[in-house]
Amino acid sequence: MLKVARSGRRRSNSFSLLDKGDSMPMTPHPTPSSSFIPNSMLENKVLASHIDDQEQLLKAAEDMILKPSDIEVEDEDEKERLRQLKELCKGFTMSDEQLQHIEKRMIMEINWGLGKDTNTTSNIKSYITYVSQLPTGRESGAYLALDLGGTNFRVILIELDTGTTSVRMKAVKHAVSEDLMTGPGEDLFNFMADKLKEFMVEHQLLGKRHHLGFTFSFPTIQHSLASADLATWTKGFVCAGVEGEDVVKMLEKAITRHPELNINICAILNDTTGCLIACAYKRPDCAIGVIIGTGTNASYVEDIRNVELYQGHVGKKKEVVINTEWGGLGNTGSLDFIRTRFDHAVDKNSKNVTKQVYEKLISGMYLGELTRQVILEAAQKQILFKGQNVEMLKRKEIFQTRHISEIESDEVGDYSSTWAVLAELGLSSVATQFDCQLLRFICESISIRAALLAAAGVAALLNKMGRRTVTVGMDGSLYKFHPHFQARMTAKIRHLVDKAIQFNLVLSEDGSGRGAGLAAAVAAK
């Protein structure tokens with residue numbers, strides 16, 4: 001049985017709250033709307049003046065955050081431009097029927113990934129992490145962690161005290177260059193080992209043995225807690241000589257170049273598993289970890305009897321964490337019914353054409369470029385910027401996902417952040433306030449769809465597990481920094497999940513760092 005801690009107390013049966021055998025509450029208490037609906041909407045005087053009932057007010061507020069903002073037009077020209085823009089963006093609208101279909105498809109593919117006879121043909125591989133025990137709260141000592149999951153690499157030291165759930169952490173971040181992302185794999189692992197040595201020298205850690213957890217946020221086939229073969233590169237990495245190889249052994253080989261380092265790599269995991277572990281350290285009902293950042297992925301707790309590819313002795317283990325790698329949903333066409341020509345254009349110009357289709361509809365690596373494609377066509381059709389010179393919009397990736405978050409951070413009627421983005425892009429001199437409204441409409445159309453698709457994924461996991469109370473540990477730059485992503489996800493999950501299930505989305509910050517260190521602490525016992 002997976003074990004977790006709560007307020008420093010030892011808990012030998014900490015997932016008992018989640019056992020499927022527990023009776024469902026007769027009158028479930030859904031996640032309260034007030035916990036995720038922005039106060040500015042609940043305090044909207046126009047909305048409140050028409051609705052007296054609090055529940056109806058909350059429902060109306062939910063509906064508002066799940067569709068783009070209304071735009072008021074002042075003349076026939078603006079009316080026609082808005083009509084054309086809505087036609088251009090209509091492909092991003094998602095119905096509940098479509099989302100329910102995707103939620104069911106997600107469950108089906110996860111189950112295929114768990115099956116011995118169906119794994120090879122499933123788009124979701126449901127990789128086994130071999131994490132069958134979570135922290136108990138009795139761990140103590142200092143542990144190292146390495147975190148590679150995108151364009152940044154970190155070396156981390158965590159320190160734990162017995163009887164508390166606090167984690168003291170020191171970390172140093174390094175940029176991963178394009179040359180390292182696309183060059184020989186040996187260079188990448190040597191780079192990580194070199195930075196580990198620098199960190200240990202700087203923090204006076206030489207001269208003793210250290211246990212290390214390695215967060216490696218790419219699809220892997222694990223053979224044990226400390227052995228994993230890279231299945232395929234994602235997130236723009238294409239390093240030669242790594243796919244199909246045991247990345248722990250490659251890291252160990254790189255570390256041996258520095259004989260003064262005495263390191264035991266005792267756990268390898270991805271960022272979503274780390275997110276789950278870090279959240280469960282403080283919240284015993286956490287059973288799902290989700291990352292929505294540069295890429296997207298989810299891990300969850302599965303009944304070990306359903307995991308047909310589990311290697312080794314099961315013993316008394318009842319559950320194991322599964323790394324879904326759900327970004328691959330749709331790789332064989334199952335999501336084509338919602339993909340627009342803009343989505344296909346982004347895919348065609350990516351480094352992994354036809355791969356990670358679900359991820360390309362949701363994550364930060366792709367949403368900015370997807371938005372640029374729509375803005376460019378709107379400008380070329382003179383919907384935006386009234387035929388002014390917008391050559392800069394032809395530059396790939398000039399519009400970034402962070403610009404979406406910045407534009408949507410403006411309150412309705414205020415365009416200060418939008419003007420700042422336009423100035424950064426060199427477009428402020430050709431834009432009008434109406435252009436600002438249209439630009440926000442495009443951003444909202446794309447980011448709302450992303451949040452709804454992510455919600456369908458989380459709802460699939462909640463419905464699949466069927467547990468009455470679940471905390472979902474969330475992390476990732478898009479989730480953290482977009483002003484409405486969490487609210488939109490929560491609102492739509494409520495519509496898609498079984499009404500008897502209570503859930504809570506909780507920010508599990510830096511799960512990839514803390515989680516790896518905590519995994520090392522558990523494995524070292």
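Keep in mind it's a predicted model, so treat the numbers as computed, not measured.
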Is a donor from one side chain sitting under 3.5 angstrom from an acceptor on the other, for Glu109 and Ser122? yes

Can you name the residues that form a ring pair (Phe, Tyr, Trp, His ring centres under 6.0 Å) with Tyr358, not counting sequence neighbours? Trp326

Distance alone, cut at 3.5 Å: any donor-acceptor contact between the side chains of Asn270 and Ser217? no

Kindly indicate whether the side chain of Leu393, heavy atoms from C-beta on, has any atom under 4.5 Å from the side chain of Leu427. yes

Phe199: what forms a ring pair (Phe, Tyr, Trp, His ring centres under 6.0 Å) with it, not counting sequence neighbours? His203

Going by the rule side-chain contact (heavy atoms from CB on, under 4.5 Å), which residues pair with Val412 if we only count those two or more places apart in sequence or in a different chain? none

Verify the distance criterion only: is there a donor paired with an acceptor across the side chains of Asp410 and Thr418 at less than 3.5 Å? yes

Partners of Arg83 by side-chain contact (heavy atoms from CB on, under 4.5 Å), sequence neighbours excluded? Glu80

Do Arg488 and Ser447 have side-chain N/O donor and acceptor atoms under 3.5 Å apart? yes

Go through the structure and list residues passing salt bridge (charged side-chain N to carboxylate O under 4.0 Å, His left out) with Arg440, not counting sequence neighbours. Glu444

Under a plain distance cut-off of 3.5 Å, with no hydrogens placed, do Glu103 and Asn463 share a side-chain donor-acceptor pair? yes

Checking Asp147 against Ser512: is there a side-chain donor and acceptor pair closer than 3.5 Å? yes

List for me each residue that meets side-chain contact (heavy atoms from CB on, under 4.5 Å) alongside Ala193, sequence neighbours excluded, and say none if there are none. Ala254, Ile255, Arg257, His258

Is the number of heavy atoms from other residues, nucleotides or ligands within 6.0 Å of NZ (Lys480) greater than 12? yes

